[in-house]
Amino acid sequence: MRICIISGDRIKKLREARGISQIELADRIGINNSVLSRIGSGKRPVEDTEINAFADFFEVSGDNILGRRTKKLLLRQTCPFMVDQKILSS
């Protein structure tokens, strides 16, 4: 369920940052507004084709939609005092 909530939250934040309504996004992506509402609230998972549609629309990666972070960022957040610059540059 965590992925559903993260994905829905990311989509909602990206939509709000663009200043478009939920109805407009649903129309532009080609899904029903009620489906988008359930995705946004974390009650419904995002399907693969929808991830691609959202990523294309917002010009971000599918990983971004799913809330995944890069290895470098995760290392910095979990153990910044232990991270060696050589590890980060690989």
Side-chain angles (χ1 to χ4, degrees):
M1 185 66 160
R2 182 170 158 76
I3 292 293
C4 292
I5 294 168
I6 292 171
S7 299
D9 189 53
R10 289 288 306 136
I11 292 165
K12 183 178 179 181
K13 286 180 180 177
L14 288 166
R15 177 182 62 76
E16 289 173 347
R18 292 275 175 109
I20 62 172
S21 71
Q22 182 175 301
I23 293 171
E24 182 181 352
L25 177 59
D27 287 342
R28 302 218 18 213
I29 296 297
I31 62 174
N32 187 291
N33 183 46
S34 65
V35 170
L36 182 56
S37 176
R38 290 194 310 273
I39 290 170
S41 64
K43 294 178 182 176
R44 178 190 179 279
V46 185
E47 295 179 3
D48 293 345
T49 55
E50 294 164 345
I51 292 170
N52 291 333
F54 287 120
D56 289 346
F57 180 81
F58 291 117
E59 298 177 336
V60 298
S61 69
D63 283 341
N64 184 294
I65 297 293
L66 294 172
R68 294 181 181 161
R69 299 181 179 181
T70 65
K71 180 180 172 182
K72 291 178 185 180
L73 181 58
L74 286 174
L75 283 172
R76 283 190 195 116
Q77 290 179 342
T78 57
C79 54
F81 58 90
M82 296 177 64
V83 177
D84 184 279
Q85 285 299 90
K86 292 180 183 176
I87 293 173
L88 291 178
S89 63
S90 61

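Quantities reported herein were computed from a predicted structural model and do not represent experimental measurements.
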* Only one of L25, N64, I29 clears side chain to side chain contact (heavy atoms under 4.5 Å, CB included) with F58; which? ->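 It is L25; the other options fail the test.
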* Taking NZ, NE, NH1 and NH2 as the nitrogens, is one of them in R18 or E24 under 4.0 Å from a carboxylate oxygen of the other? ->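 Between E24 and R18 there is no salt bridge, as every charged N stays at least 4.0 Å from the carboxylate O atoms.
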* Asked: I51 and V60: same hydrophobic cluster, using ILVMFWY side-chain contacts below 4.5 Å?
  -> yes
At what distance, to the nearest 0.5 angstrom, does [atom1] of [X] lie from [atom2] of [Y]?
{"X": "L36", "Y": "I31", "atom1": "CG", "atom2": "CD1", "result": "4.5 Å"}
{"X": "R44", "Y": "S37", "atom1": "CZ", "atom2": "OG", "result": "11.5 Å"}
{"X": "R15", "Y": "F54", "atom1": "CZ", "atom2": "CZ", "result": "10.0 Å"}
{"X": "S61", "Y": "D56", "atom1": "OG", "atom2": "CG", "result": "11.0 Å"}
{"X": "N32", "Y": "D27", "atom1": "CG", "atom2": "CG", "result": "9.5 Å"}
{"X": "L66", "Y": "S7", "atom1": "CG", "atom2": "OG", "result": "4.5 Å"}

* Asked: Is atom CZ of R28 surrounded by more than 12 heavy atoms (other residues, nucleotides or ligands) closer than 6.0 Å?
  -> no
* **Closest non-hydrogen atom pair between G62 and A55, with its separation** =>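 For G62 and A55, the tightest heavy-atom pair comes out as N-CB, 3.9 Å.
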* Asked: Yes or no on side-chain contact (heavy atoms from CB on, under 4.5 Å) for F57 and I11, after CA distance, side-chain angles and deciding distance?
  -> CA-CA 11 Å; F57 180 81; I11 292 165; over 6 Å; no
